[in-house]
Amino acid sequence: MIEAKYIWMDGQFVDWDAAKIHVLSHTLHYGNGVIEGTKAYKTQDGRCAIFKLKEHTKRLLNSAKMTLINSPFTQEELELAQIELIQKNKLINGAYIRPIIFLGYGAMGLYHKEAPTQVAIAAWEWGAYLGDEGMKKGVRVKIASMTRTPNTSGMGKAKAVANYLNSQMAKFEAVEAGYDEALLRDDQGYIAEASGACFFIVRDGVLITPPNDTSLESITQATVIDIAKDLGYEVVRRRITREETYIADEAFFTGTAVEVTPIREIDSRTIGDGQRGEITKVLQDAYFDVVAGKNEKYLKDLTYIN
Ligand SMILES: Cc1ncc(COP(=O)(O)O)c(C=O)c1O
């Protein structure tokens with residue numbers, strides 16, 4: 001991680017190393033907290049812009065609502081804090097932004113109403129999440145033995161810290177087995193999502209991606225669907241079974257961190273001809289154009305910070 005100078009914490013900028021919490025902070029023990037993952041990019045005119053800042057901040061507050069955490073800051077205050085954080089840290093080449101709303105020190109036991117709510121936002125430069133080579137050649141994927149936490153016992157629509165135990169177990173299993181990323185099924189056996197991304201396949205020129213029944217409401221998935229439709233591709237939202245992933249012509253992940261990452265293998269089955277698929281490449285390029293401010297239609301989604 002490339003450290004930046006400041007972290008925004010509870011309304012103030014503090015030095016990176018001074019952004020500390022008490023060891024008895026509630027979230028550390030019981031796992032109720034919510035996060036976001038947002039990205040700022042250097043755009044074509046040299047300025048830096050945060051992509052879909054409003055949507056990410058809204059989802060952060062929605063996640064907090066779902067998990068019974070009262071944010072002490074409003075949408076506007078949190079948006080401004082993210083803009084100022086990028087400005088103050090001079091992250092003009094772009095950055096990954098990580099807000100977290102969590103329960104601090106002051107109450108123990110599961111009933112969390114009396115626990116103080118804290119908010120921190122960090123930002124730092126972060127390269128391709130699944131590696132530069134993965135972006136060009138595609139990554140290798142394992143379908144995890146663990147399923148995505150079902151809606152009957154989890155809150156998959158919340159970007160809740162607690163959900164990442166499920167993701168982490170799947171990711172660890174996949175990486176230890178020699179793969180790059182894990183794909184999780186839902187409790188019915190249909191593909192839900194990856195450990196930190198959404199999933200698409202291409203069959204006969206048609207893009208297929210699961211509904212968000214058992215996944216985060218992904219902002220990048222929505223963007224890629226819009227871009228694909230602009231380019232004239234048919235997009236279908238329907239469930240995908242495990243074996244259908246094996247016979248896809250192309251497959252790729254979408255997410256703020258993974259952006260559009262091609263998949264070249266799933267469980268020892270080569271996808272397509274084992275390289276980045278043609279349509280995947282078109283969408284990948286189009287996505288990078290959008291975040292770089294090169295596509296007029298999506299300029300409304302960019303918040304310039306300088
Ligand atoms: C579990 C999970 N699913 C999907 C995504 C993709 O969501 P988004 O495109 O909004 O970043 C992420 C990343 O934030 C994630 O952590």
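Counting starts at 1 for both ligands and their atoms, in listed order.
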Side-chain atoms of residues 198-207: list all donor-acceptor pairs with protein atoms under 3.5 Å, sequence neighbours left out, distances to 0.1 Å.
residue, atom, partner, partner atom, Å
R203, NH1, E244, OE2, 2.8

So does E217 get a backbone contact from the side chain of R59, meaning a donor-acceptor N/O pair under 3.5 Å?
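Indeed, once roles are kept as given, a pair shorter than 3.5 Å links the two residues.
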
Side chain of H26, backbone of G109: donor and acceptor closer than 3.5 Å?
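Side chain of H26 to backbone of G109: a pair is present.
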
Kindly identify the option in [options] whose heavy atom sits closest to [atom].
atom                    : options                : value
atom 2 (C) of ligand 1  : E36, E193, K52, R59    : E193
atom 14 (O) of ligand 1 : K159, H56, E259        : K159
atom 15 (C) of ligand 1 : A170, A160, G196, A222 : G196

Anything under 30° is parallel, anything over 60° is perpendicular, the rest tilted; go ahead and classify H22 against Y105.
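Ring orientation of H22 relative to Y105: parallel.
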
Parallel, tilted or perpendicular: ring planes of W126 versus W124, cut at 30 and 60 degrees
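If you compare the ring of W126 with that of W124, the planes turn out tilted.
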
Ligand 1 contact on [X] by region, counting heavy-atom pairs under 4.0 Å:
X    : result
S215 : neither
A257 : neither
L216 : side chain

Nearest-contact summary for atom 6 (C) of ligand 1 - protein heavy atom, Å:
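Protein heavy atom at minimum distance: S218 OG, 3.6 Å.
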
Atom 16 (O) of ligand 1: nearest protein contact (heavy atom, Å)
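It is Y164 OH, 2.5 Å.
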
Heteroatom proximity flag, [X] to ligand 1, N/O under 3.5 Å:
X    : answer
S167 : no
T256 : yes
I219 : yes

Would you say the side chains of Q168 and S195 form a donor-acceptor pair under 3.5 Å?
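No, no side-chain donor-acceptor contact under 3.5 Å.
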
Ligand 1 contact by A197, heavy-atom criterion under 4.0 angstrom
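The answer is yes, since A197 has a heavy atom less than 4.0 Å from ligand 1.
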
Could you check whether K54 pairs with D301 (Lys NZ or Arg NE/NH1/NH2 to Asp/Glu carboxylate O, under 4.0 Å)?
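Salt bridge flag = no for D301 with K54.
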
If you take all heavy atoms of S71 and L78, which pair is closest and at what distance?
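Where S71 meets L78 most closely, the heavy atoms are OG-CD1, 4.2 Å.
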
Contact between P210 and R237 at the side-chain level, heavy atoms closer than 4.5 Å - yes or no?
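SC-SC contact between P210 and R237 ruled out.
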
Just which atoms of ligand 1 are under 4.0 Å from any heavy atom in S195?
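The list of qualifying atoms is 1 (C).
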
